[in-house]
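Notes to accompany the following structure.
For this chain, numbers begin at 1 and follow the sequence in order. Each ligand, and each atom within it, is numbered from 1 in the order the structure gives.
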Amino acid sequence: MLDKKVKELINTQINKELYSAYLYLDFANYYYDQGLDGFAHWYDIQAQEERDHAMLMRTYLFNNGETVTFEAIDKPDKTYNSPEDPLRFGLEHEQYVTSLINTIYRAAQDVNDYRTMQCFDWFVKEQGEEEKNADDLIKKFTLFGHDPKGLYALNQELLARVYAAPSLVL
Ligand code: FEO
């Protein structure tokens, strides 16, 4: 069994990860509507990764004899006025998720829960990658996205993203 606060934070984080998936699918909906199928594909895969994060945390709770309670997932409420908007919202969102992961890590540290800290080492590292990926997309869009040929090439590049299962084994 885990410390009550640690358990509750992880349970809440499952909901947050599923919301992340929902948000990124909303980004993808926008991009499909704009004819930017590469951007949409990139976020479809990102949504799969978020679901993976949720399932890893769910398994972690089960492996520690805990129950999992699902809550309602919030409706994505963003308005997109340009193809750059979801990219900026994406970086902000990942920075927010990093703060949530750090809070879980700190709570585990406070009660000497080395098992959770070891598990969440992976998520701390993953958040570094998530923020970098989001930032890279913004940089590329700034460089190439405002020219039609550049936007076309960037869309093709993003279309090539391949889903990879998470490297964390529980
Ligand atoms: Fe689950 Fe994008 O972090």
Side-chain angles (χ1 to χ4, degrees), residues 2 5-32 36 38-64 66 68-78 80 83-109 113 115-141 154 157-170:
L2 300 173
K5 184 178 172 192
V6 170
K7 187 261 169 174
E8 283 174 3
L9 285 171
I10 296 173
N11 194 88
T12 300
Q13 191 61 30
I14 293 172
N15 182 281
K16 301 282 185 187
E17 299 293 336
L18 291 172
Y19 171 77
S20 299
Y22 215 37
L23 179 68
Y24 292 148
L25 289 174
D26 195 61
F27 289 2
N29 289 345
Y30 165 77
Y31 284 124
Y32 279 123
L36 290 167
F39 286 75
H41 169 77
W42 198 93
Y43 277 108
D44 274 348
I45 288 183
Q46 192 59 32
Q48 278 180 276
E49 284 201 1
E50 300 302 347
R51 183 188 178 280
D52 288 341
H53 297 165
M55 293 304 101
L56 286 167
M57 292 176 193
R58 176 175 176 250
T59 300
Y60 181 73
L61 289 183
F62 286 149
N63 285 354
N64 284 279
E66 300 288 352
V68 172
T69 310
F70 286 157
E71 305 293 342
I73 299 168
D74 290 341
K75 181 177 192 257
D77 61 354
K78 302 291 186 197
Y80 315 117
E84 196 169 358
D85 284 350
L87 308 181
R88 297 203 175 272
F89 290 143
L91 177 59
E92 276 172 27
H93 183 68
E94 287 303 335
Q95 288 167 338
Y96 167 64
V97 173
T98 296
S99 75
L100 299 174
I101 296 290
N102 289 347
T103 298
I104 294 171
Y105 200 96
R106 230 175 354 254
Q109 200 168 31
D113 179 355
R115 194 186 309 156
T116 297
M117 287 162 68
Q118 192 183 44
C119 174
F120 273 74
D121 278 340
W122 186 88
F123 287 101
V124 169
K125 187 162 175 282
E126 176 74 1
Q127 280 312 120
E129 288 174 18
E130 296 279 75
E131 285 191 36
K132 182 179 185 309
N133 288 341
D135 193 48
D136 283 352
L137 282 180
I138 293 171
K139 283 188 181 132
K140 284 185 181 180
F141 194 93
L154 184 53
E157 179 188 322
L158 299 183
L159 196 55
R161 184 177 183 187
V162 176
Y163 168 73
S167 55
L168 176 65
V169 178
L170 293 167

Problem - Lys/Arg N to Asp/Glu carboxylate O, K125 vs E129, below 4.0 Å - result: yes
Practice task
Report the distance from atom CZ of R58 to atom CG of N63, rounding to the nearest 0.5 Å.
Solution key: 11.0 Å
Problem - Modelled atom types, side-chain donor and acceptor of Q13 and E17, under 3.5 Å - result: yes
Practice task
Show all protein N/O/S atoms under 2.8 Å from atom 2 (Fe) of ligand 1, or state that there are none.
Solution key: E50 OE2, E94 OE1, E94 OE2, E130 OE2
Problem - Aromatic ring proximity Y24/F27, centre distance under 6.0 Å - result: yes
Problem - Cationic N near anionic O, under 4.0 Å, D136 to K140 - result: no
Problem - Set of side-chain hydrogen bond (donor to acceptor under 3.5 Å, both in side chains) partners for D26, sequence neighbours left out - result: Y80
